2 protein chains.
Amino acid sequence: MSSIRSTKSTIRDIASHAGVGAGTVSRVLNNHPHVSDSTRAKVLKAIEELNYRPSFSARQMRTGKSQVIGFITDEIASTQFAVNIIKGAQAVAWDYGKLVLVVNSDGNRAIEYEAIEMMLERGVDGIIYASMFHRQAQLPDSIHEVPAVLIDCFLPDRSLPSVVPDEFGAAHEATEILIRKGHRRIGLINLGGEAKPAIEGRLAGYTAAMQAHGLYDPDLIVHGGDEGAGRHGYASAMKLMKLTERPTAIFCAQDRIAAQAYRALHELGIAIPNEVAVMGFDNHIDVATTLSPLLSTMALPHLEMGQWAVEYLLSGAGEPLEPVQVKLPCPYIERQSI
Amino acid sequence: MSSIRSTKSTIRDIASHAGVGAGTVSRVLNNHPHVSDSTRAKVLKAIEELNYRPSFSARQMRTGKSQVIGFITDEIASTQFAVNIIKGAQAVAWDYGKLVLVVNSDGNRAIEYEAIEMMLERGVDGIIYASMFHRQAQLPDSIHEVPAVLIDCFLPDRSLPSVVPDEFGAAHEATEILIRKGHRRIGLINLGGEAKPAIEGRLAGYTAAMQAHGLYDPDLIVHGGDEGAGRHGYASAMKLMKLTERPTAIFCAQDRIAAQAYRALHELGIAIPNEVAVMGFDNHIDVATTLSPLLSTMALPHLEMGQWAVEYLLSGAGEPLEPVQVKLPCPYIERQSI
DNA sequence: TTGTATGCGTTATCAT
DNA sequence: ATGATAACGCATACAA
């Protein structure tokens, strides 16, 4: 439709077009209080006519703020359901009028360090570092040159604010839910691998609940192997079912473990949830809603952690961020397996 | 360890520190040919000592290039396995020394338009728009102000280059594979919903292969419903199995459909793959590798599309991009269900 | 209320 | 080979 407006107009072009000074244009652009309605209208009209678009790089040079935040993650792909962290972070940033620079490191520390360097060069207003599973992180000193928040991980010296799932509370609640349903013999198939805080937190939460009700029995606990993807779930469930006093409920510390447990129970001809109830953990949507019966599980608050991180990052109005360590609750998702 | 270097040094600071002119520093920074080794060394040393870090916003003001590319996607979450598109795009951008600005629109067109506007304000070097399923897209005119590439979708007027999966070829090959295994009666459970190109392409590929071998029979085709998530797979498989001349293989146009078909076959006591082979589509990793037996399927080239898009975007050395329409092959992933 | 001038950190042009 | 200087587009301090 329109002609050749190659989007090249500057603040001065619209100034002369509107017959005002450059400063005035800047003022209306930034909604300054002291500018008459008539001139504001003229300027707005000129902006419209010349198809003006402000240059954020120029603006950044003056103000020092880029309106961009950096987001670094270690393994965006391995636990794909965790993209909700990014989604939550980006959505909140958007509400603040900011855009998000995303880099996936694939767990390569050199890339993470360089990513931080590149973001600093771009003058990001803040950086968020997200791990895809709860663990301790290691970051370069330069991270402290800008406001930063950690998701699903923490620094050895706790010098940065972080938000993680409340593993203990979630496991405790999951166990309580099962107990409330009348179960006395509740097995736990824990996860393996390097997610220490998750492994220990979930075990502790389960243990505390069981002990509080005088139900604790170490035979009911199966520790995870390192095969990954919950592949030990099958053998673990089999083992649990061979107990003389076999459990009437199994708490799987991961939905993928639950999927394998389902398979074992199925082969044994044991009905879920009538003979044995199964509780998952993660709310790994592709797994939980593909299983039959649908899996009841504790949801990891991915979206919420992403939101919290950006919210906290941006709330700090430039002040140095208090290095709080926040634990977010994991809601129980009731479906059909309990 | 070091003192109070608050990372504030500019090109001039290091110039005076090294006892040279500002221009010289810029030259070594950009690897210009005509600079003596001795001065280069001095400058490098000063850079090191003052912990200098270039300002990309200042650089962008001069050069006009931001070294950033924008990535807009409609539904990052609904088909979460498609994050590989982002992963592939970001990885290639990284290799080019560029960072990626990501915004998820949740399918909201207003957000998409505004995102493009914001990216233009930030002077991105290019924009990639990715749909999470193969369809026609609608974008504002302003998208043409910068190099742009489409993923998994296309514009009505084909004015932008795009990369999509070769739906026809993939379905054709999937069917051929089944035929080669000796199957004559091959059922197709197609998908429902609004992914027109995928629905039609897969149907056409299947049909072409069946006809080429004189195996075509419309009774073998079940069209998908709109329940989503492949939930019609169960009923469709049941229907197929009730045929007088029932199929010995089922081609499911989506892994989630296959998951439901598994359930149906299971209930019917039909063994996979011995009595009925099952071919999936998507290589939806959480589904395909959770099922038992593991699902053989056609993989959507998500990662490759992301890579291709950025590669093509950046290859154009500033020249306007030729609006080619590329179809990428979908590799067959052999597992246990065939 | 509004116009003018200055400087943010670079790169590029022009001397030398 | 290298140093001085202008200009990129904007926000702000200062003047009017």
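Predicted model, so just to flag it, every value in this text is computed and none were measured. Within every chain, numbering begins at 1; the chains are lettered A, B, ... in the order of the sequence lines, protein sequences first and strands thereafter.
- In terms of modelled atom types and a separation under 3.5 Å, the side chain of A/Asn104 and the main chain of B/Ala91 share no donor-acceptor contact.
- At the phosphate of C/dT11, neither OP1 nor OP2 sits under 4.0 Å from any side-chain N or O atom of B/Thr63.
- Across the protein-nucleic acid pair, A/His34 atom NE2 and C/dG3 atom P stand 16 Å apart, rounded to whole Å.
- Atom P of nucleotide C/dT10 and atom CD of A/Glu121 are separated by 10 Å, given to the nearest angstrom.
- Each of B/Val20 and B/Arg62 was assigned the nucleotide of DNA chain D with the nearest heavy atom; the assignment lying further toward the 5' end belongs to B/Val20.
- Distance NE2 (A/His32) to P (C/dG3): 15 Å, rounded to an integer number of Å.
- Distance B/Met61 CE to D/dA6 P: 16 Å, rounded to the nearest Å.
- When the P atom of D/dA4 is taken as reference, atom CZ of B/Arg12 falls 11 Å away, rounded to whole Å.
- In the set D/dA11, C/dT10, D/dT2, the nucleotide with an atom closest to the side chain of B/Thr10 is C/dT10.
- Between B/Asp13 atom CG and C/dG9 atom P the separation is 8 Å, expressed in whole Å.
- Atom pair A/Ile11:CD1 and C/dT6:P shows a separation of 18 Å (rounding to whole Å applied).
- With respect to the salt-bridge test (charged N to carboxylate O, under 4.0 angstrom), the residues A/Glu194 and A/Arg135 do not qualify.
- Panel note: side chain B/Asp74, backbone B/Ser105; no donor-acceptor pair is recorded below 3.5 Å.
- Side-chain to base pairing of A/Arg27 with C/dG3: one donor and one acceptor N or O lie within less than 3.5 Å of each other.
- Rounded to a whole Å, the CG atom of B/Leu29 is 10 Å from the C1' atom of C/dT11.
- Within the 4.0 angstrom heavy-atom criterion, only backbone atoms of the sugar-phosphate kind lie near A/Gly19; the bases stay farther away.
- Position along DNA chain D of the nearest nucleotide to A/Phe56 versus B/Thr24 favours B/Thr24 as the more 5'-ward residue.
- B/Asp106 has a carboxylate O that lies under 4.0 Å from a charged side-chain N of A/Lys87, or vice versa, which qualifies the two as a salt bridge.
- If you check every strand for non-hydrogen atoms under 4.0 Å, A/Ser26 touches a base.
- Not one N or O on the side chain of B/Ser57 forms a donor-acceptor pair closer than 3.5 Å with the backbone of A/Gln60.
- For the pair B/Ser57 and C/dG9, the criterion of a side-chain N or O lying under 4.0 Å from OP1 or OP2 is not met.
- Ranking C/dT10, C/dG9, D/dC10 by closeness to the B/Tyr52 side chain, first place goes to C/dT10.
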